[in-house]
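Quick caveat, the model's predicted, so the values are computed rather than measured. Chain letters run A, B, ... following the sequence lines, proteins first and then strands; every chain starts at 1. Any value given below was found using the heavy atoms of this structure, including those in side chains, with hydrogens, waters and symmetry copies removed.
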Protein chains: 2
Amino acid sequence: MYQTIIPLSGPKLRLVEAAEKLFADQGFDSVSVRDITKEANANVAAVNYHFGSRDGLVSAVMLRYVNPVHQERCARLEAVEKKWAPKAPPVEEVMEAYVSPLVTQVRKSEMSEKLFCKLLGRILSEQGGALHPEVQLQFLNGVERFLKTLAKSLSALPYEDLVWRFHFISGAMIHMMTHGETLQAMTKGANGVTAIDTTIARFLRFATIALSDGVEGVEIPPAPKTPQATFSF
Amino acid sequence: MYQTIIPLSGPKLRLVEAAEKLFADQGFDSVSVRDITKEANANVAAVNYHFGSRDGLVSAVMLRYVNPVHQERCARLEAVEKKWAPKAPPVEEVMEAYVSPLVTQVRKSEMSEKLFCKLLGRILSEQGGALHPEVQLQFLNGVERFLKTLAKSLSALPYEDLVWRFHFISGAMIHMMTHGETLQAMTKGANGVTAIDTTIARFLRFATIALSDGVEGVEIPPAPKTPQATFSF
DNA sequence: GTCTATAAAGTGATAGAC
DNA sequence: GTCTATCACTTTATAGAC
């Protein structure tokens, strides 16, 4: 249904997968080419041969997941808009379109949930100041689209307020992804549902409430007793 | 009233200040001892002479601000609890005790607001996986105290939900500090109030709403038309 | 205390043999 | 395509002169 992860051939794939694992664990700055080639059982020169440079590999790793998430987000957003047109869609459904691709894509990937989330969180929060250009372009583009739709759903909310609230929520999402392990473990096994589902459900409720605060004409469903994965991905 | 920033003598101070600036800008990993000594007009060997090692300087920089913020948070929390005893204090006042020390400490420091926030944000989100041990100890200790008080203020909320909501809010706070520049600039000059005040006011409202969602017996003041620095630090 | 010189190890990248 | 050997550079840390 949505664009799948870019397929890679043998040795390139091994390198990318090794890099993903190490980047997720230690961050993009703290991993050397030698670490990666060792993890992939490849030669030190392999990274430069296949990706031109260390940075080429970094870009490949980033785009491999950012791209599909972005695509799916946009597709879902359009679907939600079409479903409610000409009315503005409810906040919760817009935010679901924003968040749920994280879940569907992690299921398509062969990484563990934990690793996938940490990797994506690091991609979006990279600290060198600026994000990688390609990522930034896609990411900002996506944010803009969602803000535009949210502005319709929350037409009584000044745009400046909307931007700030979305900014806060983005931070919560990134933090959830990069540092969720500890809490994730805590929740696990409470019921039969996978941990990531309930976490996302919690987050979705959190985001909806925060965005809708004080906005007239926007009604929010009552809080569930305990967050459950009531929506389907 | 609250513990002031640890005073340092001449050359040590120059090194710490140079390091703060560079760390805030580029992160703790991407700055070399040479960068720091150059910025401080000191000799390359100065860092090792005065702080034992690069890591010694990192610890000094971190503790210089984390310590006072932590102290002030605890003091404010105790004051709020005493004020309302034996009742549980309202959520908003507890969160104000958590957040407002950021503002008072930035005013005491000689760094710019932007630099201070970025530095503190980086300290709390350092990506190597684990925070510096000393920071982590203080930080976790502080979080625990606030959670304990919030659990009383929100006694109808399951503790697990509280923890998750606080986790999300922490992420929003860190993101606000590390990536606030762009949005900060947007707000600046709207009225006579300094940017950081309105930002914190916004955040405080955000946190209060998110924590109180669906909790019976907790009443939240109506949203201000546009967030203003109505509370005093 | 401050400086120079240098050690010891690690970095990304590449030329050239196979 | 894969590998070894090596280049040119940077890193933190330190010994020893001043």
Next item on the list: Apply the test side chain to side chain contact (heavy atoms under 4.5 Å, CB included) to residues A:R202 and B:E160: give CA-CA distance (whole Å), side-chain angles for both, the deciding distance (0.1 Å), then the verdict.
Entry: CA-CA 11 Å; A:R202 268 181 215 282; B:E160 194 182 314; 2.7 Å; yes
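- Applying the ring-ring contact (aromatic ring centres under 6.0 Å, His included) rule to B:F166 yields the partners B:Y98; only residues at least two apart in sequence or on another chain are considered.
- Taking every nucleotide of DNA chain C with any atom under 4.0 Å from a non-hydrogen atom of chain A, the first and last of them, 5' to 3', are C:dT11 to C:dT14.
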Checklist line | side chain to side chain contact (heavy atoms under 4.5 Å, CB included) between B:N141 and B:L137, worked out | finding: CA-CA 6 Å; B:N141 189 295; B:L137 203 71; 6.0 Å; no
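- For A:R165, the side-chain hydrogen bond (donor to acceptor under 3.5 Å, both in side chains) criterion is met by no residue, not counting sequence neighbours.
- Contact check for A:V31 versus A:D25: no side-chain heavy atoms found under the 4.5 Å cut-off.
- A:K148 has no carboxylate O lying under 4.0 Å from a charged side-chain N of A:E81, or vice versa, which leaves the two without a salt bridge.
- For A:F23, the ring-ring contact (aromatic ring centres under 6.0 Å, His included) partners two or more places apart in sequence, or in a different chain, are A:F28.
- The CZ atom of B:F146 lies 11.0 Å from the OG atom of B:S170; values are rounded to the nearest 0.5 Å.
- DNA chain C is contacted by both A:D35 and B:N41; B:N41 maps to the nucleotide lying nearer its 5′ end (nearest heavy atom per residue).
- The salt bridge (Lys or Arg N to Asp or Glu O under 4.0 Å) search around A:E39 returns A:K21, not counting sequence neighbours.
- B:E93 pairs by the salt bridge (Lys or Arg N to Asp or Glu O under 4.0 Å) definition with B:K83, not counting sequence neighbours.
- Among residues two or more places apart in sequence or in another chain, the ring-ring contact (aromatic ring centres under 6.0 Å, His included) test is passed with B:F203 by A:F168.
- For A:N43, there are no side-chain hydrogen bond (donor to acceptor under 3.5 Å, both in side chains) partners two or more places apart in sequence or in a different chain.
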Margin query: What does the B/S/- profile of nucleotides 4-10 of chain D look like, 5' to 3', with a 4.0 Å heavy-atom cutoff to protein?
Written below: B-B----
Note to self: Walk me through whether B:D197 and B:R107 qualify under salt bridge (charged side-chain N to carboxylate O under 4.0 Å, His left out).
What the structure shows: CA-CA 11 Å; B:D197 283 332; B:R107 297 247 163 87; 3.3 Å; yes
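- Scanning residues 48-57 of chain A for heavy-atom distances under 4.0 Å to DNA chain D yields A:Y49, A:H50.
- Residues of residues 12-21 of chain B that place a heavy atom closer than 4.0 Å to DNA chain D do not occur.
- In summary, of the residues considered (A:L63, A:I174, A:V135, A:V58), a side-chain contact (heavy atoms from CB on, under 4.5 Å) with A:I123 occurs for A:V135 alone.
- In the helix from C:dG1-D:dC18 to C:dC18-D:dG1, the rotation axis of the first five pairs and that of the last five pairs differ in direction by 10°, rounded to 10 degrees.
- Using cut-offs of 30° and 60° on the angle between ring planes, the pair A:H175 and B:H167 is tilted.
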